[in-house]
Structures are given as structure tokens and as C-alpha cells.
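Reminder, nothing fancy here: chain letters follow the sequence lines and each chain counts from 1.
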2 protein chains.
Amino acid sequence: MRVKRDSVREAILTSASLHFSAEGYLRATIGAIARDARTAASNVYVYFPSKLDLALAVFEPWLKKEILRLERAVRREKTAMAKVRRLVDGLLRRIPEDEAGHTTTLVQALSTARPNDRYNPDLLHWTERKVAAMLRHAVGETLSERESDSLARGLMLVFDGVALRRNLSIATVGSDLAETMTRLILAQAGDASLPAAAE
Amino acid sequence: MRVKRDSVREAILTSASLHFSAEGYLRATIGAIARDARTAASNVYVYFPSKLDLALAVFEPWLKKEILRLERAVRREKTAMAKVRRLVDGLLRRIPEDEAGHTTTLVQALSTARPNDRYNPDLLHWTERKVAAMLRHAVGETLSERESDSLARGLMLVFDGVALRRNLSIATVGSDLAETMTRLILAQAGDASLPAAAE
DNA sequence: TTTCATAAGCGATTGCCGTTCGATATTGAC
DNA sequence: GTCAATATCGAACGGCAATCGCTTATGAAA
């Protein structure tokens, strides 16, 4: 019997990634994605059950790569404050503002999803755990496990908010926001070495 | 000459509000909204230039009413902690979780908006100013104007994140989140009377 | 009261796009 | 070499926002 060729699947993913990051989930069309993958629109559905599944197949590896890259960057910083600042800056400014990234894809895809699409939150939880671990690595023992989990969940919610705003071309004044969040986290961690904020 | 009748406009807004809150922006159709408003789909466009404009015309008065109601509730609380807790609880749990509310409308409508739709951020800024004022009212002088503005912006981003999650039927564990945020804000305000979090 | 320009109202149509269908061509297994 | 499974593809479907042209109601001017 005939068999699915990986090369076709790869071509579709590559084309989809380009279209989604350039045009967003909604304006990108299956027709255009298929054309650039040198196949027919209907054939895309042999490899992916729906446009939403295709988008998630593009988004997931992208986000994981970005988070792992961020993890390495945080580890390279020396002080607790520098680590936290790098974490927040990556999560709330660098990753969402990446022109070739997929935060817009995510927001558009998920907000058009219907309840029966049953988006599974594994990726979200994986990311939250990673962020919580980075927080603990950064500030050490002064942060309880439960506190770091709460902070990580809060940070991910802010990330979602930033992503949504970005979709509206509403600037979030990224570096200022990152600075505020860094101070909040360090204050929560009870870090007394925090310099007085230069207001 | 013939004149637009306010009653028709009102009927369309009422019908749209019901459909949007029950089905969300995307699944609600102009046809169904028009039918329940006893008019033709094409006639809706005499009163509102697009589906997005209609949604914003529904959303804006709803949000303003909710924020003003929240402001009164915060004012009624006695202590700084109670005020902050009430503010955060309203913003991150009660308003987004309101079944008859429009947070889902907002997220879906805005994430499908295109750049040329030029969403104007007046409503967002009005809300941020209100939240900042509530924060200053709650904790008093210990919070500089710039700090309260930053915190308000952060809170609104979390609100957007919560709204996005709600659209995915991902529970945000609202009360737990609200408690975390309350502690963060009070810690930032340098409130030493904050009881040790029961971890 | 009559006339008339204007705009509300509406059924039909358009255009777009995700998805499905039916037919055909290709490939791996026996 | 034969056959069955299935990748591939053009055509068609269905849903929906938005537009078009025509009809009709209405307020103002005469």
C-alpha cells in the first residue's frame, strides 16, 4: 500500500510556519500553505485533521525550543536579580516580540477554537513547570515550591495578555513591564538586596 | 427623509448581547442576531459598519458598568488588604467568570481583528486608569503614582490572560490566583502588616 | 394635502475559505 | 505481476460576513 511521505508532511509544516508567522493564523489560508508546499489544499487534510491541528503542530515545537533556549540563558546569568530579569525579559518581551515567532498564531488559533476542539493543556503545563523551575533556580530557597508555582502561573497569564495585545498592535512597553515584574517577583521572594526602584 | 429608529438599534444591541454572551463572538451570526431583533441581516449594517463594531458597541458599556460597580465595592471595604483583595477578586474572577458577561466576546473579537481595524485603546486606557486609582485608594500613600500605574497595567494583562484561558475552558483556579496577586501587590506596597502566607 | 428626496428595510448575490467528496494514480505487500 | 490500500487532486459544498439593487416608509417643503 501507499505510504505517507515525511517529506510532504515536512513541506506542509515549513510552509505553514512561514504563512502563520507572516500573516497570522486567521489570514493564512490552507490554499496558500498547500501551494507553497507543492501540494493540493485537500491533501493537507491527509496529514493534519484541521487547520487548528496544523497550527498547534507548528506552535508546540517552536515554543518548546524558545523556552529551552531561555532556560540556558537564565542559567548563564550570575545573580538572582539578573536571572529573574532575564527570565521575565525573555518571556514577556523577547519571545512575544519575535517577528518570526508564533505568539500571534497561538492567540488567534486558540481564541477561534471551539469547546469541542478539546485543546489539551499539556504544553501549557509543561511551560508553567519550566518557568517555576527557572524561578526556583534563580532565587533559591527563599521561594517555596507553592510560591514559585503561583508566580509561574501568573507570569504565563501575563504572557498570554501580552500576546493578545500584540495581536492588536498595542505596544506593551515591554522593557518597562519586565522591570516591574522583576521587582514584584524579587519582593515576593523577600529579597532585601533589591535596590530601591528609581522612580 | 426617513430616519434611523433608536428602537431598532436597541433591539439589535440587545439581541447581539444575548447571542455574543451565549455563543461567543465567532459562533454568533449576524443572521441570527438580526432574526431575534426582527429585522434583516443586511439592515444591521445600516446601524453598525461591521460585526466587530457591533461587538465593541456591546462590550464597552458592559465593561464600564462592571468596573464602576467594582469601584463601589472596593470603596465599601474597610482595610487596605480587603480593598486590594476585593479589587483583584473582581477583576480576575468575578468579571471574567460572569456567565452573562462578555470577556469571551472581547477575546474572540479582538483576536480576529485585523490591523486595519484600528481598535482604539481608549477603553483599555480608561480601565487601566480606573484600576490604578483603585489601587491608590486601597493602599494609600505607600504606593507611588508610577508604581500604581505599573501594577494596574500588569493586572490588566493578567485579566486578558484569564479571559483568553476562559475561552479555552481552561480553569484558572480563580480564587487561588486572586490570593497570589493580592499578596504580590501588598508586598510591593511595602505593607508590613501582611500576615505570613499560610503555605 | 401633495410631492419628493432621502434613507431604512430587505431578498438575492458575492466572495472567501475550511472542509469533504469522488475519481485517479501510486506504492508496498504477497 | 496482481491487488488492495491510500496519497493526491480538482471540484463541489456549506457557512457566513458583507454588498447590491430595489422597494418602501418618512419627514420636510410646497
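Between the NZ atom of B:K51 and the C1' atom of D:dT19 there is a distance of 17 Å, given to the nearest Å. Regarding A:I30, its CD1 atom lies at a distance of 6 Å from the P atom of C:dT19, rounded to whole Å. The separation between B:L54 atom CG and D:dC16 atom P is 16 Å, rounded to whole Å. The separation between B:R35 atom CZ and D:dC16 atom C1' is 13 Å, rounded to whole Å. In this structure, the CZ atom of B:F48 is 15 Å from the P atom of D:dA17, given to the nearest Å. Per the geometry, CD belonging to A:E10 stands 17 Å off C1' belonging to D:dA7, to the nearest Å. Atom OH in A:Y45 sits about 16 Å away from atom P in D:dT8, given to the nearest Å. For B:D53 and D:dA17, the CG to P distance is 14 Å, given to the nearest whole Å.
At the heavy-atom level, B:A34 lies nowhere under 4.0 Å from the strands shown.
Between A:D6 and A:Y47 there is no side-chain heavy-atom pair separated by less than 4.5 Å.
For A:Y47, taking side-chain heavy atoms from C-beta onward, the closest of the listed nucleotides D:dT8, D:dA18, C:dT19 is D:dT8.
A:S148 meets the side-chain hydrogen bond (donor to acceptor under 3.5 Å, both in side chains) test with A:R136; sequence neighbours excluded. Here A:E145 pairs with nothing under the salt bridge (Lys or Arg N to Asp or Glu O under 4.0 Å) rule; sequence neighbours left out. Listed by chain and number, the residues in a salt bridge (Lys or Arg N to Asp or Glu O under 4.0 Å) with A:R35 amount to none (sequence neighbours excluded).
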N/O donor-acceptor pairs under 3.5 Å from side chains in residues 80-94 of chain A, not counting sequence neighbours:
unit_1: A:K83; atom_1: NZ; unit_2: A:V74; atom_2: O; d: 3.3
unit_1: A:K83; atom_1: NZ; unit_2: A:R75; atom_2: O; d: 3.2
unit_1: A:K83; atom_1: NZ; unit_2: A:E77; atom_2: O; d: 2.8
unit_1: A:K83; atom_1: NZ; unit_2: A:H137; atom_2: NE2; d: 2.9
unit_1: A:R85; atom_1: NE; unit_2: A:E179; atom_2: OE1; d: 3.3
unit_1: A:R85; atom_1: NH2; unit_2: A:E179; atom_2: OE2; d: 3.1
unit_1: A:D89; atom_1: OD1; unit_2: A:R93; atom_2: NE; d: 2.7
unit_1: A:D89; atom_1: OD1; unit_2: A:R93; atom_2: NH2; d: 3.3
unit_1: A:D89; atom_1: OD2; unit_2: A:R93; atom_2: NH2; d: 3.1
unit_1: A:D89; atom_1: OD2; unit_2: A:R94; atom_2: NE; d: 3.1

List the atom pairs, donor and acceptor, that lie under 3.5 Å between side-chain atoms in residues 12-25 of chain A and the rest of the protein, sequence neighbours left out.
unit_1: A:T14; atom_1: OG1; unit_2: A:E10; atom_2: O; d: 2.9
unit_1: A:S15; atom_1: OG; unit_2: A:I33; atom_2: O; d: 2.7
unit_1: A:S17; atom_1: OG; unit_2: A:H102; atom_2: NE2; d: 3.4
unit_1: A:H19; atom_1: ND1; unit_2: A:S15; atom_2: O; d: 3.2
unit_1: A:H19; atom_1: NE2; unit_2: A:D36; atom_2: OD2; d: 3.4
unit_1: A:S21; atom_1: OG; unit_2: A:S17; atom_2: O; d: 3.3
unit_1: A:S21; atom_1: OG; unit_2: A:L18; atom_2: O; d: 3.4
unit_1: A:Y25; atom_1: OH; unit_2: A:L52; atom_2: N; d: 3.3

Filtered N/O pairs between nucleotides 9-15 of chain D and protein, under 3.5 Å:
unit_1: D:dC9; atom_1: OP2; unit_2: A:T39; atom_2: OG1; d: 2.7
unit_1: D:dC9; atom_1: OP2; unit_2: A:A40; atom_2: N; d: 3.0
unit_1: D:dG10; atom_1: O6; unit_2: A:S42; atom_2: OG; d: 2.6

